[in-house]
There are 2 protein chains.
Amino acid sequence: MAAEQKPPGDARAKRAVGRPRRLDPETIVATARRIIEEEGVAALSMRRVAREVGVTPMALYHHVRDKDELLMLTLSGTAATFPRPELPADPRERLIDVSVHMHQVLEQLPWVLEILALGDLTDKGALWMVEEILASSIACGLSPEQAVRAYRTIWHFVYGNLVFTAAMARRAAEPERQWNFPTMLTDEDAAQLPRLTELASRWDKVGEYDIREQLAAIIDGLLSRAERPQPGGGSTSQPVD
Amino acid sequence: MAAEQKPPGDARAKRAVGRPRRLDPETIVATARRIIEEEGVAALSMRRVAREVGVTPMALYHHVRDKDELLMLTLSGTAATFPRPELPADPRERLIDVSVHMHQVLEQLPWVLEILALGDLTDKGALWMVEEILASSIACGLSPEQAVRAYRTIWHFVYGNLVFTAAMARRAAEPERQWNFPTMLTDEDAAQLPRLTELASRWDKVGEYDIREQLAAIIDGLLSRAERPQPGGGSTSQPVD
DNA sequence: ACCTGAACACCGTTCAAGT
DNA sequence: ACCTGAACACCGTTCAAGT
């Protein structure tokens, strides 16, 4: 019973020296995050984490409720690793810049996307972006309610865009599975779908776009609904056409 | 050994009578789709399909290359089950209506979302929506290149919106895992995030929105970029507020 | 309180063999 | 050509037991 001092060998994960507890939540999530970053969410399993930490699979369940909770925990702290950019004073420009920044950050963290789809925002370090979008939207003349909806709309677009950009990259890497619609359009289809047929050959090139331009268009559309339009706020005040 | 006439019992899946082949691709994908529709994509496994069809797991691999291919195959034909709506003549209204329709259809097919994220559009019956979005965008004055980008933007938003709407519904069903940001915002956070703090309590109610309104705003933003603006094309010509 | 061992009920896929 | 059987290398999680 005096041998509760824990022999140092056996477990091949190097942990901090002199730690009384054999296993703490921090090392669990750190190990999980490393696996995900290196090999993707699909490579994460409770058994794998347990093996790498040097512990029985069931030991993890004393610190996390289940695999989903472990996944959410791996998110916290990631936003802080990206420096907060300087933002312009004009609220519309600010809105565009934050949205683009959100997109850029997540572009470099592709593994985060799959976990975010679980539905919760668990990294407090990312909330300044939400705040900024709300504040700038309101500064552009949107009501608080409109601002919340605008945030959601921007976020949904950014998320969807990243999912399909990633999917296209994956597909390009595996060219043997190329059965999207450029392939196999019968003559009858072509007659029914003239514009699509016309654009099919150069679809992939034409579809590539500047995310900033699209976000600016979306934001201008959202700001055009302002009940109290501001000087620099709406696109309609700009001589667009 | 003369009993190679195959006794009728055993396999509990009722197949068409007098079929010479024991197993054809159609029954495989039909069974797969049934499982997905009833229990979700997570419930689908090669072994499960094999069991229900009354065949060895490996028999499936003679007809589909792998699980992903089977998943894509389950998509084809789903769009045709939804009647094609009548659309207004005005191109901007058309654009909004098709986009809303796309959203509505997928809202009733939640299992399709996860498969679409694999990246390919495998149901030819859905292409008329793409065609309609392209044609209407061009009719509103967008160039073909702009139209393709507009389609992508609309689609990405619709997709993202559906993912998070589904996630919110799932979360609402499991109220014990409620640790989104209304919970746990320290006083320091509140000072840094005034707008968010202000709105946190009524976040979920305020965030609910009419998808048509948001799509209209996005579309107006996209159409405001028309190089050749059309009479009914832009939001700016409409007295929005 | 924290961890182990054994078990339950599963996975996708390869490979060699049967008819 | 089409299917089976056995195997490989895995899963998440429950439950009873150990210290």
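First the proteins, then the strands, lettered A, B, ... as listed; each starts at 1.
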Salt-bridged, B/Glu145 to B/Arg149, with N to O below 4.0 Å? no
Under a 4.0 Å threshold between the charged nitrogen and the carboxylate oxygen, would A/Arg34 count as salt-bridged to A/Glu37? no
[atom1] of [X] versus [atom2] of [N]: gap in Å, rounded?
X: A/Ile28; N: C/dC2; atom1: CD1; atom2: C1'; result: 11 Å
X: A/Arg47; N: C/dC8; atom1: CZ; atom2: C1'; result: 11 Å
X: B/His62; N: D/dC3; atom1: NE2; atom2: P; result: 8 Å
X: A/Glu39; N: D/dC10; atom1: CD; atom2: C1'; result: 14 Å
X: A/Arg48; N: C/dC11; atom1: CZ; atom2: P; result: 23 Å
X: B/Leu60; N: C/dC11; atom1: CG; atom2: C1'; result: 14 Å
X: B/Leu70; N: C/dC11; atom1: CG; atom2: P; result: 14 Å

Answer yes or no: does a side-chain N or O of [X] lie under 4.0 Å from OP1 or OP2 of [N]?
X: B/Ser45; N: C/dC11; answer: yes
X: B/Arg51; N: C/dC11; answer: yes
X: B/His63; N: D/dC3; answer: yes

Treat a base pair as Watson-Crick or G-U wobble with both distances under 3.5 Å, then lay out DNA chain D in dot-bracket form, 5' to 3', with | for cross-strand pairs. ||.|||||...|||||.||
At under 4.0 Å between heavy atoms, what does B/Met58 touch on the DNA or RNA strands: base, sugar-phosphate, or nothing? base
